[in-house]
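What follows is a single structure, written as C-alpha coordinates, with notes after it.
Start at 1 with the first residue, then count along the sequence.
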Amino acid sequence: MDLIKYYVDEFNRNDEELTRNDIDNAHVYEWMKQEIPVFECPDKEIERTYYFRYWTYRKHIKTTEDGIVITEFLPKVGWSGKHNTINAAVGHHIYEGRWLKNAGKYLKSYIEFFLTVSEKNHMYSAWLIDAIWRYACVSGDYDFGEGFLDKLEGYYEEWERTHGLPDGSFWSYDNYDAMEYSVSGTDKDLKVMRGVRPTLNSYMCADALALAQFAKKYGDEAREEKYRKKYEFLKKFINENLFEDGFFRAYHYYDDEDPTQATGKKGSSPRELIGYIPFMFDIPDEGREACFDHLLSPEGFYTQYGLTTTEQSNDRFLYEVNHECLWNGYIWPYATAQTLTGLANAARSSANPRYREMFGTLLSQYARMHKRVTEDGRTVSWIDEVMDPRDGDWSSRTMLRDWGWEERRGGYERGKDYNHSTFCDLVISGLCGVDVKNGEVTAEPIIPEGWDYFRLTGVKLLGREYEIVYDKTGEKYGGGAGLRVTAL
(Lines give C-alpha, C1' and ligand atoms only; values in the text may rest on other atoms or scores of the structure.)
Protein backbone atom coordinates (compact mmCIF):
# COMPACT_ATOMS: atom_id res chain seq x y z
CA MET A 1 0.00 0.00 0.00
CA ASP A 2 1.11 3.54 -0.75
CA LEU A 3 0.75 4.84 2.80
CA ILE A 4 1.36 8.46 1.86
CA LYS A 5 -1.44 8.45 -0.70
CA TYR A 6 -3.78 6.57 1.63
CA TYR A 7 -3.45 9.17 4.38
CA VAL A 8 -3.22 12.22 2.13
CA ASP A 9 -6.49 11.26 0.45
CA GLU A 10 -8.14 11.02 3.88
CA PHE A 11 -6.75 14.35 5.11
CA ASN A 12 -7.59 16.20 1.90
CA ARG A 13 -11.10 14.78 1.87
CA ASN A 14 -11.76 16.08 5.40
CA ASP A 15 -10.02 19.44 5.02
CA GLU A 16 -11.40 22.94 4.77
CA GLU A 17 -8.44 24.48 2.94
CA LEU A 18 -8.46 28.08 4.15
CA THR A 19 -4.87 29.15 3.43
CA ARG A 20 -2.58 28.22 0.55
CA ASN A 21 1.15 28.84 0.74
CA ASP A 22 3.85 27.06 -1.29
CA ILE A 23 2.30 23.59 -1.25
CA ASP A 24 -1.48 23.33 -1.49
CA ASN A 25 -3.66 20.25 -1.06
CA ALA A 26 -3.60 19.53 -4.77
CA HIS A 27 0.19 19.11 -4.67
CA VAL A 28 0.81 17.80 -1.16
CA TYR A 29 0.98 14.13 -2.19
CA GLU A 30 3.80 14.76 -4.65
CA TRP A 31 5.60 16.90 -2.05
CA MET A 32 5.33 14.30 0.72
CA LYS A 33 6.37 11.52 -1.66
CA GLN A 34 9.50 13.49 -2.47
CA GLU A 35 10.33 14.81 1.00
CA ILE A 36 9.35 12.61 3.93
CA PRO A 37 10.52 9.21 5.20
CA VAL A 38 7.84 6.52 4.95
CA PHE A 39 6.85 5.15 8.35
CA GLU A 40 4.88 2.00 9.20
CA CYS A 41 4.01 0.60 12.62
CA PRO A 42 1.29 -1.48 14.34
CA ASP A 43 -0.19 1.52 16.21
CA LYS A 44 -2.22 3.05 13.41
CA GLU A 45 -2.97 6.23 15.36
CA ILE A 46 0.75 6.95 15.73
CA GLU A 47 1.17 6.11 12.06
CA ARG A 48 -1.74 8.32 10.96
CA THR A 49 -0.58 11.23 13.11
CA TYR A 50 2.94 11.00 11.71
CA TYR A 51 1.61 11.58 8.20
CA PHE A 52 -0.92 14.15 9.39
CA ARG A 53 1.75 16.27 11.03
CA TYR A 54 3.92 16.41 7.89
CA TRP A 55 0.73 17.09 5.91
CA THR A 56 0.08 20.10 8.17
CA TYR A 57 3.75 21.17 8.38
CA ARG A 58 3.95 21.85 4.64
CA LYS A 59 1.03 24.29 4.89
CA HIS A 60 3.36 26.61 6.79
CA ILE A 61 6.20 26.67 4.25
CA LYS A 62 6.09 30.07 2.60
CA THR A 63 8.38 31.74 0.07
CA THR A 64 9.00 35.45 0.72
CA GLU A 65 11.42 38.13 -0.50
CA ASP A 66 13.61 37.02 2.41
CA GLY A 67 13.59 33.40 1.33
CA ILE A 68 11.52 30.54 2.70
CA VAL A 69 10.07 30.90 6.19
CA ILE A 70 7.91 28.60 8.30
CA THR A 71 4.91 30.01 10.11
CA GLU A 72 3.18 29.08 13.35
CA PHE A 73 -0.33 30.28 12.48
CA LEU A 74 -1.81 30.14 8.98
CA PRO A 75 -3.93 33.32 9.27
CA LYS A 76 -2.16 36.56 10.07
CA VAL A 77 -2.02 37.31 13.80
CA GLY A 78 -1.30 40.73 15.22
CA TRP A 79 1.58 39.68 17.50
CA SER A 80 3.59 38.06 14.70
CA GLY A 81 6.61 39.59 13.01
CA LYS A 82 7.54 39.91 9.36
CA HIS A 83 5.87 37.37 7.05
CA ASN A 84 3.63 36.27 9.96
CA THR A 85 6.59 34.58 11.67
CA ILE A 86 6.87 34.00 15.42
CA ASN A 87 10.10 32.76 16.97
CA ALA A 88 8.47 30.85 19.87
CA ALA A 89 8.38 27.49 18.09
CA VAL A 90 11.40 27.91 15.81
CA GLY A 91 13.19 25.09 17.67
CA HIS A 92 10.24 22.78 17.08
CA HIS A 93 10.10 23.80 13.40
CA ILE A 94 13.77 22.95 12.83
CA TYR A 95 13.64 19.70 14.81
CA GLU A 96 10.64 18.57 12.74
CA GLY A 97 11.92 19.85 9.40
CA ARG A 98 15.45 18.44 9.67
CA TRP A 99 14.21 15.02 8.54
CA LEU A 100 12.92 16.28 5.18
CA LYS A 101 15.04 14.98 2.32
CA ASN A 102 15.67 18.51 1.07
CA ALA A 103 15.70 20.08 4.51
CA GLY A 104 18.29 22.67 3.59
CA LYS A 105 15.98 24.14 0.95
CA TYR A 106 13.46 25.01 3.65
CA LEU A 107 15.54 25.52 6.78
CA LYS A 108 18.69 27.39 5.78
CA SER A 109 16.95 30.58 4.68
CA TYR A 110 14.62 30.28 7.69
CA ILE A 111 17.64 30.08 9.98
CA GLU A 112 19.22 33.07 8.27
CA PHE A 113 15.95 34.97 8.66
CA PHE A 114 15.94 34.57 12.43
CA LEU A 115 19.64 35.33 12.75
CA THR A 116 19.67 38.49 10.64
CA VAL A 117 16.30 39.65 9.25
CA SER A 118 13.55 39.23 11.85
CA GLU A 119 12.92 42.24 14.06
CA LYS A 120 11.36 39.91 16.66
CA ASN A 121 13.96 37.13 16.86
CA HIS A 122 14.16 37.53 20.67
CA MET A 123 10.47 38.14 21.34
CA TYR A 124 9.94 34.67 22.85
CA SER A 125 12.39 32.29 24.48
CA ALA A 126 13.74 29.72 22.01
CA TRP A 127 16.47 27.12 21.54
CA LEU A 128 17.51 28.29 18.07
CA ILE A 129 21.26 27.57 18.05
CA ASP A 130 20.77 24.09 19.49
CA ALA A 131 18.20 23.35 16.77
CA ILE A 132 20.57 24.58 14.05
CA TRP A 133 23.29 22.27 15.39
CA ARG A 134 20.97 19.28 15.42
CA TYR A 135 19.90 19.99 11.86
CA ALA A 136 23.55 20.25 10.79
CA CYS A 137 24.42 16.93 12.43
CA VAL A 138 21.65 15.16 10.50
CA SER A 139 22.43 16.80 7.15
CA GLY A 140 26.19 16.83 7.52
CA ASP A 141 26.09 20.41 6.21
CA TYR A 142 27.81 22.88 8.53
CA ASP A 143 28.23 25.63 5.94
CA PHE A 144 25.92 28.49 6.84
CA GLY A 145 27.78 31.20 4.95
CA GLU A 146 30.12 34.03 5.76
CA GLY A 147 30.17 35.36 9.30
CA PHE A 148 28.06 32.52 10.66
CA LEU A 149 29.79 32.29 14.06
CA ASP A 150 29.53 36.06 14.45
CA LYS A 151 25.79 35.83 13.84
CA LEU A 152 25.40 33.03 16.39
CA GLU A 153 27.42 34.95 18.94
CA GLY A 154 25.46 38.14 18.30
CA TYR A 155 22.20 36.24 18.78
CA TYR A 156 23.44 34.72 22.05
CA GLU A 157 24.82 38.01 23.37
CA GLU A 158 21.50 39.76 22.77
CA TRP A 159 19.85 37.33 25.18
CA GLU A 160 22.63 38.01 27.68
CA ARG A 161 22.13 41.77 27.30
CA THR A 162 18.34 41.72 27.67
CA HIS A 163 17.73 38.77 30.03
CA GLY A 164 21.02 38.05 31.78
CA LEU A 165 21.36 38.32 35.57
CA PRO A 166 24.54 39.26 37.46
CA ASP A 167 25.19 35.66 38.51
CA GLY A 168 25.23 34.42 34.88
CA SER A 169 21.72 32.94 34.84
CA PHE A 170 18.69 34.27 32.92
CA TRP A 171 15.26 35.62 33.78
CA SER A 172 12.09 35.48 31.71
CA TYR A 173 8.34 36.06 31.96
CA ASP A 174 6.03 33.09 31.46
CA ASN A 175 4.22 35.01 28.69
CA TYR A 176 7.44 35.40 26.72
CA ASP A 177 8.33 31.79 27.31
CA ALA A 178 5.10 31.39 25.26
CA MET A 179 3.43 30.09 28.44
CA GLU A 180 1.04 32.79 29.60
CA TYR A 181 -0.93 32.63 32.85
CA SER A 182 1.15 29.84 34.33
CA VAL A 183 0.61 29.06 38.01
CA SER A 184 4.23 29.79 38.90
CA GLY A 185 4.61 32.95 36.84
CA THR A 186 1.32 34.74 37.64
CA ASP A 187 0.26 35.50 41.22
CA LYS A 188 -3.25 35.33 42.66
CA ASP A 189 -3.92 38.91 41.57
CA LEU A 190 -2.89 37.99 37.98
CA LYS A 191 0.30 40.03 38.30
CA VAL A 192 3.05 38.61 36.11
CA MET A 193 6.39 38.01 37.85
CA ARG A 194 9.88 37.62 36.48
CA GLY A 195 11.29 34.15 36.87
CA VAL A 196 14.54 32.25 36.94
CA ARG A 197 12.92 29.45 35.00
CA PRO A 198 13.99 26.07 33.57
CA THR A 199 12.87 27.41 30.17
CA LEU A 200 15.28 30.14 29.02
CA ASN A 201 18.08 28.88 31.28
CA SER A 202 17.93 25.46 29.61
CA TYR A 203 17.70 26.99 26.12
CA MET A 204 20.73 29.19 26.78
CA CYS A 205 22.65 26.23 28.21
CA ALA A 206 21.90 24.17 25.10
CA ASP A 207 22.65 27.09 22.78
CA ALA A 208 26.01 27.68 24.48
CA LEU A 209 27.01 24.05 23.93
CA ALA A 210 25.86 24.17 20.31
CA LEU A 211 27.79 27.39 19.71
CA ALA A 212 30.91 25.78 21.21
CA GLN A 213 30.46 22.78 18.90
CA PHE A 214 30.09 25.02 15.86
CA ALA A 215 33.19 26.96 16.94
CA LYS A 216 35.12 23.69 17.12
CA LYS A 217 33.94 22.76 13.62
CA TYR A 218 35.05 26.17 12.37
CA GLY A 219 38.43 25.92 14.12
CA ASP A 220 37.79 28.83 16.50
CA GLU A 221 39.38 27.56 19.72
CA ALA A 222 38.82 30.78 21.68
CA ARG A 223 35.08 30.82 21.07
CA GLU A 224 34.84 27.10 21.64
CA GLU A 225 36.37 27.49 25.10
CA LYS A 226 34.29 30.61 25.87
CA TYR A 227 30.95 28.98 25.15
CA ARG A 228 31.82 25.62 26.62
CA LYS A 229 32.47 27.42 29.91
CA LYS A 230 29.09 29.16 29.65
CA TYR A 231 27.48 25.77 29.02
CA GLU A 232 29.21 24.18 31.99
CA PHE A 233 28.24 27.08 34.27
CA LEU A 234 24.56 26.96 33.28
CA LYS A 235 24.41 23.18 33.53
CA LYS A 236 25.73 23.38 37.08
CA PHE A 237 23.48 26.35 37.92
CA ILE A 238 20.33 24.56 36.74
CA ASN A 239 21.16 21.41 38.69
CA GLU A 240 22.16 23.22 41.87
CA ASN A 241 19.61 26.05 41.95
CA LEU A 242 16.49 24.97 40.05
CA PHE A 243 16.22 21.42 41.40
CA GLU A 244 14.30 21.12 44.65
CA ASP A 245 12.45 18.22 46.23
CA GLY A 246 13.01 15.93 43.24
CA PHE A 247 11.94 18.34 40.50
CA PHE A 248 13.18 21.24 38.35
CA ARG A 249 11.20 24.34 39.29
CA ALA A 250 10.87 28.04 38.47
CA TYR A 251 11.53 30.74 41.06
CA HIS A 252 9.97 34.18 40.68
CA TYR A 253 10.31 37.72 41.94
CA TYR A 254 8.57 41.04 41.40
CA ASP A 255 10.19 43.77 39.35
CA ASP A 256 11.07 45.80 42.45
CA GLU A 257 12.78 42.88 44.19
CA ASP A 258 16.39 41.75 44.05
CA PRO A 259 16.66 39.19 41.22
CA THR A 260 19.71 37.55 42.81
CA GLN A 261 17.40 36.35 45.60
CA ALA A 262 14.92 34.66 43.26
CA THR A 263 16.44 31.22 43.59
CA GLY A 264 16.26 31.51 47.35
CA LYS A 265 12.47 31.29 47.38
CA LYS A 266 12.36 27.57 47.94
CA GLY A 267 9.03 25.82 48.06
CA SER A 268 7.17 28.62 46.31
CA SER A 269 6.81 26.98 42.92
CA PRO A 270 4.64 24.04 41.84
CA ARG A 271 5.62 21.18 39.62
CA GLU A 272 4.98 22.18 35.99
CA LEU A 273 5.86 20.52 32.68
CA ILE A 274 8.61 23.12 32.25
CA GLY A 275 10.50 21.04 34.83
CA TYR A 276 11.18 18.48 32.11
CA ILE A 277 12.77 20.94 29.68
CA PRO A 278 16.31 20.37 31.04
CA PHE A 279 15.98 16.72 29.93
CA MET A 280 15.50 17.86 26.31
CA PHE A 281 19.16 18.86 26.33
CA ASP A 282 20.65 16.20 28.66
CA ILE A 283 21.29 18.83 31.34
CA PRO A 284 20.18 16.96 34.51
CA ASP A 285 22.68 15.19 36.71
CA GLU A 286 22.64 11.40 36.61
CA GLY A 287 19.76 9.71 38.40
CA ARG A 288 17.21 12.50 38.21
CA GLU A 289 14.91 10.72 35.77
CA ALA A 290 12.65 9.85 38.72
CA CYS A 291 11.07 13.25 37.93
CA PHE A 292 9.14 11.47 35.21
CA ASP A 293 7.20 9.36 37.71
CA HIS A 294 4.78 12.29 38.05
CA LEU A 295 3.74 11.96 34.40
CA LEU A 296 1.47 8.98 34.94
CA SER A 297 0.03 10.19 38.25
CA PRO A 298 -3.55 11.58 38.25
CA GLU A 299 -2.45 13.94 41.05
CA GLY A 300 0.46 14.94 38.83
CA PHE A 301 0.16 15.49 35.09
CA TYR A 302 -1.79 12.54 33.69
CA THR A 303 -5.32 12.75 32.31
CA GLN A 304 -7.03 10.50 29.79
CA TYR A 305 -6.68 13.29 27.20
CA GLY A 306 -3.08 14.36 27.70
CA LEU A 307 -0.52 15.90 30.04
CA THR A 308 -1.53 18.96 32.04
CA THR A 309 0.93 21.85 32.16
CA THR A 310 0.59 22.14 35.96
CA GLU A 311 0.22 19.31 38.45
CA GLN A 312 -3.43 18.69 39.23
CA SER A 313 -2.91 18.64 43.00
CA ASN A 314 -1.99 22.34 42.99
CA ASP A 315 -4.72 24.52 44.50
CA ARG A 316 -4.54 26.95 41.55
CA PHE A 317 -4.87 24.25 38.91
CA LEU A 318 -7.15 25.66 36.16
CA TYR A 319 -7.70 28.91 38.03
CA GLU A 320 -10.19 31.11 36.18
CA VAL A 321 -8.92 33.56 33.56
CA ASN A 322 -10.93 34.95 30.65
CA HIS A 323 -8.33 34.16 28.00
CA GLU A 324 -8.00 31.55 25.25
CA CYS A 325 -4.32 30.65 25.92
CA LEU A 326 -3.78 29.26 29.41
CA TRP A 327 -0.82 27.32 30.82
CA ASN A 328 -2.38 26.87 34.25
CA GLY A 329 -3.12 23.19 33.67
CA TYR A 330 -4.50 23.06 30.16
CA ILE A 331 -2.93 20.61 27.69
CA TRP A 332 -0.52 22.07 25.12
CA PRO A 333 1.09 20.01 22.32
CA TYR A 334 4.07 22.43 22.58
CA ALA A 335 4.77 21.33 26.15
CA THR A 336 3.89 17.68 25.49
CA ALA A 337 6.46 17.56 22.68
CA GLN A 338 9.13 19.09 24.92
CA THR A 339 8.33 16.63 27.70
CA LEU A 340 8.41 13.57 25.44
CA THR A 341 11.69 14.70 23.87
CA GLY A 342 13.16 14.84 27.36
CA LEU A 343 11.58 11.52 28.32
CA ALA A 344 13.11 9.79 25.30
CA ASN A 345 16.55 11.05 26.35
CA ALA A 346 16.01 9.93 29.93
CA ALA A 347 14.68 6.53 28.83
CA ARG A 348 17.83 5.81 26.87
CA SER A 349 20.18 6.87 29.65
CA SER A 350 18.33 5.05 32.43
CA ALA A 351 18.65 1.38 33.26
CA ASN A 352 15.03 1.39 34.43
CA PRO A 353 12.76 0.03 31.64
CA ARG A 354 9.82 1.92 33.18
CA TYR A 355 10.74 5.07 31.27
CA ARG A 356 10.80 3.31 27.92
CA GLU A 357 7.35 1.89 28.63
CA MET A 358 6.19 5.36 29.68
CA PHE A 359 7.44 6.89 26.43
CA GLY A 360 5.47 4.39 24.34
CA THR A 361 2.32 4.97 26.40
CA LEU A 362 2.50 8.75 26.21
CA LEU A 363 3.47 8.92 22.53
CA SER A 364 0.38 6.83 21.77
CA GLN A 365 -1.74 9.15 23.91
CA TYR A 366 -0.26 12.21 22.18
CA ALA A 367 -1.17 10.73 18.79
CA ARG A 368 -4.75 10.22 19.93
CA MET A 369 -5.03 13.89 20.90
CA HIS A 370 -4.95 14.77 17.19
CA LYS A 371 -8.70 14.52 16.71
CA ARG A 372 -11.83 16.65 16.57
CA VAL A 373 -15.47 15.70 16.20
CA THR A 374 -17.04 18.05 13.65
CA GLU A 375 -20.45 19.65 13.94
CA ASP A 376 -21.88 16.96 11.64
CA GLY A 377 -20.48 14.15 13.79
CA ARG A 378 -17.39 13.16 11.81
CA THR A 379 -14.10 12.45 13.60
CA VAL A 380 -11.24 14.11 11.71
CA SER A 381 -7.52 14.50 12.28
CA TRP A 382 -6.84 17.84 13.93
CA ILE A 383 -4.14 19.88 15.65
CA ASP A 384 -4.96 23.14 17.42
CA GLU A 385 -3.63 25.27 20.28
CA VAL A 386 -4.99 24.27 23.70
CA MET A 387 -6.97 21.29 25.00
CA ASP A 388 -9.17 21.15 28.09
CA PRO A 389 -8.00 18.27 30.33
CA ARG A 390 -11.53 17.74 31.65
CA ASP A 391 -13.22 16.78 28.39
CA GLY A 392 -10.63 16.75 25.56
CA ASP A 393 -12.16 19.78 23.86
CA TRP A 394 -9.85 22.07 21.87
CA SER A 395 -10.79 24.82 24.30
CA SER A 396 -9.06 27.76 22.61
CA ARG A 397 -10.98 26.99 19.43
CA THR A 398 -14.26 26.80 21.32
CA MET A 399 -13.61 30.16 23.02
CA LEU A 400 -12.60 31.88 19.79
CA ARG A 401 -15.66 30.47 18.01
CA ASP A 402 -17.98 31.59 20.83
CA TRP A 403 -16.41 35.06 20.68
CA GLY A 404 -17.27 35.25 16.99
CA TRP A 405 -13.84 34.57 15.49
CA GLU A 406 -12.70 38.14 16.20
CA GLU A 407 -10.18 39.46 13.67
CA ARG A 408 -8.07 41.04 16.41
CA ARG A 409 -7.52 37.56 17.80
CA GLY A 410 -6.63 36.00 14.45
CA GLY A 411 -10.03 35.44 12.88
CA TYR A 412 -11.74 32.28 11.67
CA GLU A 413 -10.10 28.99 12.71
CA ARG A 414 -6.97 30.73 13.96
CA GLY A 415 -5.54 27.59 15.52
CA LYS A 416 -6.35 25.11 12.75
CA ASP A 417 -3.26 23.12 11.63
CA TYR A 418 -1.28 24.90 14.35
CA ASN A 419 2.50 24.54 13.86
CA HIS A 420 3.66 24.89 17.44
CA SER A 421 5.08 21.49 18.39
CA THR A 422 6.74 18.35 17.06
CA PHE A 423 5.41 14.86 16.46
CA CYS A 424 7.35 13.43 13.50
CA ASP A 425 10.63 14.18 15.26
CA LEU A 426 9.39 12.20 18.26
CA VAL A 427 8.76 9.25 15.93
CA ILE A 428 12.07 9.46 14.06
CA SER A 429 14.52 10.48 16.79
CA GLY A 430 12.49 9.34 19.79
CA LEU A 431 10.69 6.10 18.95
CA CYS A 432 12.99 4.92 16.14
CA GLY A 433 16.05 6.35 17.87
CA VAL A 434 17.68 7.70 14.71
CA ASP A 435 20.75 9.82 15.38
CA VAL A 436 24.11 10.83 13.98
CA LYS A 437 26.92 10.67 16.55
CA ASN A 438 30.44 11.67 15.63
CA GLY A 439 29.60 11.28 11.96
CA GLU A 440 28.14 7.78 12.40
CA VAL A 441 24.51 6.84 11.74
CA THR A 442 22.94 5.07 14.71
CA ALA A 443 19.51 3.80 15.75
CA GLU A 444 18.48 2.97 19.31
CA PRO A 445 14.72 2.53 19.19
CA ILE A 446 12.29 2.64 22.09
CA ILE A 447 10.01 -0.22 21.08
CA PRO A 448 6.57 -0.02 22.76
CA GLU A 449 5.21 -3.07 24.51
CA GLY A 450 3.44 -5.40 22.09
CA TRP A 451 5.07 -4.06 18.94
CA ASP A 452 6.43 -6.74 16.62
CA TYR A 453 7.60 -4.40 13.89
CA PHE A 454 8.18 -0.93 12.55
CA ARG A 455 9.84 0.39 9.42
CA LEU A 456 11.21 3.83 8.59
CA THR A 457 12.32 4.09 4.97
CA GLY A 458 14.07 6.91 3.16
CA VAL A 459 15.37 8.88 6.13
CA LYS A 460 18.21 11.03 4.81
CA LEU A 461 21.33 11.20 6.96
CA LEU A 462 24.65 12.75 5.95
CA GLY A 463 23.46 12.94 2.34
CA ARG A 464 22.42 9.30 2.03
CA GLU A 465 19.08 7.58 2.55
CA TYR A 466 18.66 4.81 5.12
CA GLU A 467 16.07 2.27 6.17
CA ILE A 468 15.56 1.38 9.84
CA VAL A 469 13.59 -1.82 10.35
CA TYR A 470 12.56 -3.67 13.47
CA ASP A 471 11.04 -7.11 12.87
CA LYS A 472 10.70 -9.18 16.03
CA THR A 473 10.34 -12.54 14.30
CA GLY A 474 11.69 -11.79 10.84
CA GLU A 475 8.37 -12.82 9.29
CA LYS A 476 6.93 -9.34 8.62
CA TYR A 477 9.62 -8.11 6.22
CA GLY A 478 11.58 -11.29 5.57
CA GLY A 479 15.01 -9.82 6.23
CA GLY A 480 15.82 -11.53 9.51
CA ALA A 481 14.77 -10.99 13.11
CA GLY A 482 15.65 -7.91 15.13
CA LEU A 483 16.83 -4.42 14.21
CA ARG A 484 18.47 -3.52 10.92
CA VAL A 485 19.93 -0.23 9.72
CA THR A 486 20.58 -0.28 5.99
CA ALA A 487 21.96 2.31 3.59
CA LEU A 488 19.81 2.45 0.45
Side-chain angles (χ1 to χ4, degrees), residues 43 46 179 182-184 197-199 201-202 235 238-251 266-318 327-369 387 389-390 421-422 426 429-431 433 444-451:
D43 186 324
I46 291 179
M179 300 174 180
S182 70
V183 170
S184 67
R197 297 163 57 81
T199 47
N201 282 285
S202 293
K235 187 176 189 293
I238 292 165
N239 278 287
E240 292 184 355
N241 292 276
L242 301 186
F243 193 79
E244 181 202 359
D245 191 23
F247 208 80
F248 289 97
R249 303 172 189 262
Y251 299 104
K266 302 298 184 185
S268 62
S269 189
R271 285 187 287 260
E272 298 171 296
L273 282 191
I274 60 172
Y276 296 115
I277 288 175
F279 290 92
M280 285 182 67
F281 311 107
D282 295 313
I283 293 170
D285 288 342
E286 186 177 349
R288 288 186 167 173
E289 63 273 9
C291 290
F292 287 99
D293 291 343
H294 297 283
L295 286 182
L296 295 184
S297 166
E299 290 77 35
F301 300 104
Y302 186 80
T303 74
Q304 63 175 306
Y305 302 108
L307 299 175
T308 61
T309 45
T310 302
E311 60 183 346
Q312 296 166 78
S313 59
N314 187 273
D315 61 4
R316 293 184 67 213
F317 176 71
L318 299 184
W327 292 74
N328 59 359
Y330 284 80
I331 298 166
W332 280 83
Y334 181 102
T336 300
Q338 288 184 318
T339 301
L340 293 187
T341 299
L343 177 57
N345 290 337
R348 289 193 175 87
S349 64
S350 175
N352 189 336
R354 170 175 170 77
Y355 302 110
R356 288 176 173 260
E357 294 166 9
M358 189 182 297
F359 179 82
T361 297
L362 292 176
L363 182 66
S364 181
Q365 181 193 60
Y366 182 28
R368 284 161 175 76
M369 281 175 56
M387 180 174 282
R390 295 165 294 195
S421 60
T422 59
L426 288 167
S429 70
L431 191 148
E444 186 185 348
I446 300 174
I447 301 169
E449 185 177 358
W451 280 32

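- A distance-only check finds no donor-acceptor pair linking the side chain of Asn314 to the backbone of Pro270 [under 3.5 Å].
- No side-chain heavy atom of Met179 sits under 4.5 Å from any side-chain heavy atom of Leu273.
- A donor atom on one side chain and an acceptor atom on the other are not found under 3.5 Å apart for Thr339 and Tyr366.
- Distance alone, capped at 3.5 Å, places no donor-acceptor pair between the Arg316 side chain and the Asn328 backbone.
- Taking the six-membered ring where tryptophan is involved, the planes of Trp327 and Trp332 are essentially parallel, since the angle between them stays under 30° and well short of 60°.
- Minimum heavy-atom separation, Gly433 to Arg348: CA-NH2, 3.0 Å.
- Taking the six-membered ring where tryptophan is involved, the planes of Tyr276 and Phe292 are essentially parallel, since the angle between them stays under 30° and well short of 60°.
- A donor-acceptor pair is defined here as one N or O able to donate and one able to accept, closer than 3.5 Å; no such pair exists between the side chain of Arg271 and the backbone of Glu311.
- The closest side-chain heavy-atom distance from Leu426 to Leu431 is not below 4.5 Å.
- Judged purely by atom type and a 3.5 angstrom limit, Gln312 has no side-chain atom pairing as donor or acceptor with the backbone of Phe317.
- A donor-acceptor pair is defined here as one N or O able to donate and one able to accept, closer than 3.5 Å; no such pair exists between the side chain of Asn345 and the backbone of Asp282.
- Here the side chain of Ser364 pairs no donor or acceptor atom with the backbone of Gly360 at under 3.5 angstrom.
- Counting heavy atoms from C-beta outward, Phe243 and Ile238 have side chains that stay 4.5 Å or more apart.
- We find the CG-CE distance between Leu296 and Met358 to be 4.5 Å, quoted to the nearest 0.5 Å.
- The distance from the CG atom of Leu295 to the OG1 atom of Thr336 is 9.5 Å, given to the nearest 0.5 Å.
- Side chains of Ser297 and Tyr302 form no contact here, defined as non-hydrogen atoms less than 4.5 Å apart.
- For the residue pair Pro389 and Gly329, the shortest heavy atom distance occurs at CG-O, 3.7 Å.
- Not a single donor-acceptor pair under 3.5 Å links the side chain of Arg356 to the backbone N or O of Ser350.
- To the nearest 0.5 Å, the span separating CZ on Phe279 from CG on Leu340 amounts to 13.5 Å.
- Considering CD of Gln304 and CZ of Arg390, their distance stands at 13.5 Å, rounded to 0.5 Å.
- We find the CZ-OG distance between Arg197 and Ser202 to be 11.0 Å, quoted to the nearest 0.5 Å.
- Contact check for Leu343 versus Tyr355: side-chain heavy atoms found under the 4.5 Å cut-off.
- In this structure, Thr309 contributes its side chain and Ile331 its backbone to no donor-acceptor pair below 3.5 Å.
- Put simply, the side chain of Glu272 reaches to within 4.5 Å of the side chain of Val183, judged on heavy atoms.
- From Ile283, atom CD1 reaches atom CG of Leu242 across 10.0 Å, with rounding to the nearest 0.5 Å.
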